[in-house]
Number of protein chains: 2
Amino acid sequence: MLPITLRVKSQFDIVMQITSQRLGRSIDRRVGMVERAGRLEPRTDAPSPGRPSADPVPGTGRNPVPRPVPAKAATIYDVAQAAGVSHQTVSRFLKGFAGIRPETREKVERALDELDYRPNLTARSLKSGRSHRIGALTHELSNVGPSRVAEGASAAARECGYVLDLVSLDARSAGEIERSLDLITQHELAGVLALSSTDEMTRAFETTEFRVPVFIDAESDDAVTGRRSGLAQVGIPALIDHLAELGHRSFLHIAGPPMWRAARNRILAYDRELEARGLHSAGVLPGDWSARSGYEAIAALPRLPEATAIVAANDQTALGAMLALKERGVRIPEDISVVGIDDIPESPYFDPPLTTVHIDFEMQGRASVYRLIAQIEHAESRPVVVPPPRLVVRRSSGPAAHA
Amino acid sequence: MLPITLRVKSQFDIVMQITSQRLGRSIDRRVGMVERAGRLEPRTDAPSPGRPSADPVPGTGRNPVPRPVPAKAATIYDVAQAAGVSHQTVSRFLKGFAGIRPETREKVERALDELDYRPNLTARSLKSGRSHRIGALTHELSNVGPSRVAEGASAAARECGYVLDLVSLDARSAGEIERSLDLITQHELAGVLALSSTDEMTRAFETTEFRVPVFIDAESDDAVTGRRSGLAQVGIPALIDHLAELGHRSFLHIAGPPMWRAARNRILAYDRELEARGLHSAGVLPGDWSARSGYEAIAALPRLPEATAIVAANDQTALGAMLALKERGVRIPEDISVVGIDDIPESPYFDPPLTTVHIDFEMQGRASVYRLIAQIEHAESRPVVVPPPRLVVRRSSGPAAHA
DNA sequence: ACACGCAATGTTATCGGCAACATCCTTGGT
DNA sequence: ACCAAGGATGTTGCCGATAACATTGCGTGT
């Protein structure tokens with residue numbers, strides 16, 4: 001029998017619990033049994049035995065119970081009083097100041113524990129003028145790249161004792177960037193990070209006066225900085241090498257939106273690498289990172305491209321392009337090879353699985369945060385090893401079809 | 001092409017403060033941060049003297065250009081002085097207090113402008129005890145669902161004058177949740193949001209003492225609350241209806257990880273709807289939302305499933321399943337229909353394009369934020385219309401192959 | 001024994017706003 | 001013209017922490 005009686009806590013329960021200390025029944029872990037490969041017995045019980053009436057809205061529509069205000073949080077003054085010392089002693093203890101007599105230390109420690117003291121970072125940063133918050137602007141979180149970068153950044157920040165304020169916005173709208181920047185800089189920030197670099201973003205960052213360190217994350221810098229291990233220096237060359245070795249001589253690129261540095265970077269590298277090898281580019285089609293744009297770029301072509309290999313700006317675009325090709329009767333990779341960039345988790349499961357360049361976005365995000373924090377703390381940046389982009393050969397690329 | 005000159009604003013004033021404090025590194029377990037001895041060389045800096053341009057980290061290797069130090073941010077006192085009024089008058093003006101003489105108003109306005117005053121929210125929330133920050137915990141940002149929810153939430157919060165503190169973590173690790181919760185609640189938060197609801201997450205929220213409103217976002221509530229417009233009530237029934245109409249009688253479900261409420265919800269609804277129609281479930285295979293798990297679920301099957309329709313827990317899983325099927329010589333949809341849930345942007349470009357249920361994640365995120373803010377402000381929630389899930393029929397579903 | 005010095009702790013000022021209360025200056029009614 | 005009422009504005013204290021300065025107490029050199 002299947003115990004999938006989910007007793008889902010509504011927020012009401014939570015509120016109650018908070019206010020009254022009532023111990024909620026813990027959610028059962030019986031659900032684990034679903035795993036049992038094979039059958040899941042139909043459950044016979046009604047969804048919510050205990051709760052008859054339907055809730056018209058998601059996540060409970062109950063009125064917020066006017067919460068009796070929970071006891072105020074303890075301050076160092078409360079702690080000091082409880083311990084019979086001065087607040088400054090408490091403060092010293094909290095900062096790990098060494099010169100405190102053991103007995104005093106113990107009293108403080110006990111009081112701290114008893115009152116469940118938690119520091120008020122607001123007050124701290126008001127006085128000290130420094131906070132441990134990092135503002136981060138990003139765009140299109142739903143794409144793998146940006147979101148991975150954000151995750152990495154968030155994790156790195158947390159590890160360093162910082163909190164990342166992630167603001168997701170339309171990085172192409174100057175106005176929105178401006179507004180967001182305006183909003184977040186009112187909070188005491190230790191630094192600001194731009195995780196998506198579009199022209200608008202860099203422009204906004206250049207024209208805004210920050211009084212804290214800022215950092216612009218950009219994979220794309222490498223075309224400009226000549227960094228040796230980046231996508232443009234390593235990843236794309238490897239990709240082109242791979243295709244060239246398969247005998248491809250004529251290529252097509254479906255680009256990302258030009259306002260993105262990463263997109264321009266990829267175009268640049270594509271061009272440069274072809275040229276360096278004496279290969280031919282049949283053109284660069286506009287795209288916007290989306291599968292849709294890849295599909296349409298190909299579908300809109302008056303006739304099939306002469307190119308035998310298509311380099312898409314990212315995996316999604318490659319996906320769209322592949323579908324359009326298949327619909328026109330092109331076999332991949334027998335007739336045309338298609339490759340992407342990014343290596344999103346789904347690309348191994350495309351049909352055919354996609355040859356692409358793996359990028360470690362998470363590390364990239366971490367690196368940015370470390371950099372920024374180094375600036376903030378005037379310390380050396382923690383050394384980060386961002387693994388270089390790596391060619392991943394799958395089945396979407398094959399020997400060039402030579403007439 | 002564009003000169004990417006990163007102008008990093010220097011922060012001399014902050015530098016000064018940091019230097020003055022010299023504490024051996026002391027680890028405060030409560031705060032979770034490490035103070036490090038601040039080291040400072042007055043701007044003769046060549047931070048990496050010996051190091052040439054081999055920059056190990058992406059994103060500009062340039063040194064922060066020491067810019068002319070921007071004066072400290074103006075406070076209401078500065079403004080007051082400049083305007084020749086008292087700081088309170090400035091404060092009143094800022095709050096839109098009506099009773100201010102036009103001429104006074106103008107003076108203030110001018111001073112405000114001149115000094116480029118920007119309120120210090122830290123100070124504000126210190127005094128008022130209320131902030132406009134919402135902490136949000138989420139997981140797997142790189143998945144479309146969570147990231148869209150996060151984006152919606154972030155946007156909604158911003159529109160309401162709040163900032164969303166997005167913390168991305170492993171929602172399955174109780175420890176990590178605990179730690180994150182600990183960290184973010186030290187900041188003066190107006191409320192806390194759980195955007196991913198796993199068992200660990202709800203458990204953590206139940207056992208933590210918040211003194212602010214909390215809200216757990218959960219599409220999944222509807223199986224339990226009987227909400228009439230949710231995925232389980234509308235979306236999945238529509239999906240099953242669609243397949244039933246095509247003549248399918250035997251189904252297979254590839255589930256999401258059972259610790260996720262959304263996953264359980266989908267299983268429940270799948271079971272319930274089949275049963276209600278007298279259809280047959282050939283089983284529920286374990287999965288974890290990923291394309292890989294979809295692929296493996298099918299690939300590991302000793303023989304092809306008897307089912308003629310496969311309902312995957314989400315689109316990625318469906319993608320993986322489709323590839324595995326195709327590799328086993330199954331045609332989609334002629335032999336077996338495959339459907340997903342979520343309608344990620346790529347699913348129209350799968351091969352074949354995926355029949356799925358569209359979910360408006362962004363709205364869901366917005367709704368959660370509105371809810372929370374309503375609680376925070378003890379107001380009625382702004383009415384949000386979350387569009388009900390909607391069946392999207394594409395080519396991966398077709399008439400059942402009847403022997 | 002006395003001053004001195006440093007260690008341990010206490011006291012006061014401060015960060016930038018907000019709120020309560022105080023004060024001054026208009027008005028208007030008579 | 002006078003006073004009350006209220007409108008406009010100024011003053012003071014507080015939020016919770018940190019920083020600078022002040023004080024106590026004890027050991028030590030002479």
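Note that these values count all heavy atoms, side chains included, but never hydrogens, waters or copies made by symmetry. What you are looking at is a predicted structure, and each value in this text was computed from that prediction instead of being measured.
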Donor + acceptor pair across side chains of A/T185, B/R118 (<3.5 Å) =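 Short answer, yes.
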inquiry  = Can you see whether A/E188 engages A/S131 through a side-chain donor-acceptor pair at a distance of less than 3.5 angstrom?
reply    =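 A/S131 and A/E188 do not have a side-chain donor-acceptor pair below 3.5 Å.
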Check whether any side-chain nitrogen or oxygen of [X] sits under 4.0 Å from OP1 or OP2 of [N], and answer yes or no.
| X | N | answer |
| --- | --- | --- |
| B/K95 | C/dA19 | yes |
| B/S86 | D/dG10 | yes |
| A/R124 | D/dT18 | yes |
| A/R101 | C/dT9 | yes |
| B/S91 | C/dG17 | no |
| B/T89 | D/dG10 | yes |
| A/T104 | C/dT9 | yes |
| B/Y117 | C/dG17 | yes |

How would you label the contact of [X] with the nucleic acid (heavy atoms, under 4.0 Å): base, sugar-phosphate, or nothing?
| X | answer |
| --- | --- |
| B/S128 | nothing |
| B/F93 | nothing |
| B/L94 | nothing |
| A/T122 | nothing |

task = Taking all non-hydrogen atoms of both residues into account, name the closest pair between A/F210 and A/F205 and its distance.
result =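 Heavy atoms of A/F210 and A/F205 come nearest at CE1-O, 3.6 Å.
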ask   = 5'-most contact on DNA chain D: B/L126 or B/F97, nearest heavy atom basis?
value =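 With B/L126 and B/F97 compared, the 5'-side residue is B/F97.
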request  = For B/V85 and for A/N120, locate the closest nucleotide of DNA chain D by heavy-atom distance; then report the residue assigned to the nucleotide nearer the 5' terminus.
outcome  =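 In this pair, the answer is B/V85.
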query = Who are the side-chain contact (heavy atoms from CB on, under 4.5 Å) partners of A/D78, not counting sequence neighbours?
reply =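 Result, side-chain contact (heavy atoms from CB on, under 4.5 Å) vs A/D78: A/A74, A/T75, A/L115.
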Check ion pair B/E114-B/R110 (N to O, under 4.0 angstrom) =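 Here B/E114 does not pair with B/R110 in a salt bridge, since their nearest N and O are not under 4.0 Å apart.
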message = Using whole Å, what does the distance between atom P of nucleotide D/dT12 and atom CD of B/Q88 come to?
response =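 For the pair B/Q88 CD and D/dT12 P, the rounded distance is 13 Å.
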inquiry  = On the side chain of A/H87, is there an atom forming a donor-acceptor pair with the base of C/dT12 - under 3.5 Å, no angle test?
reply    =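 Yes, the side chain and the base share a sub-3.5 Å donor-acceptor pair.
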task = Spell out yes or no: do the side chain of A/R92 and the base of C/dG10 have one donor N/O and one acceptor N/O closer than 3.5 Å?
result =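 Indeed, a donor on one side and an acceptor on the other fall under 3.5 Å apart.
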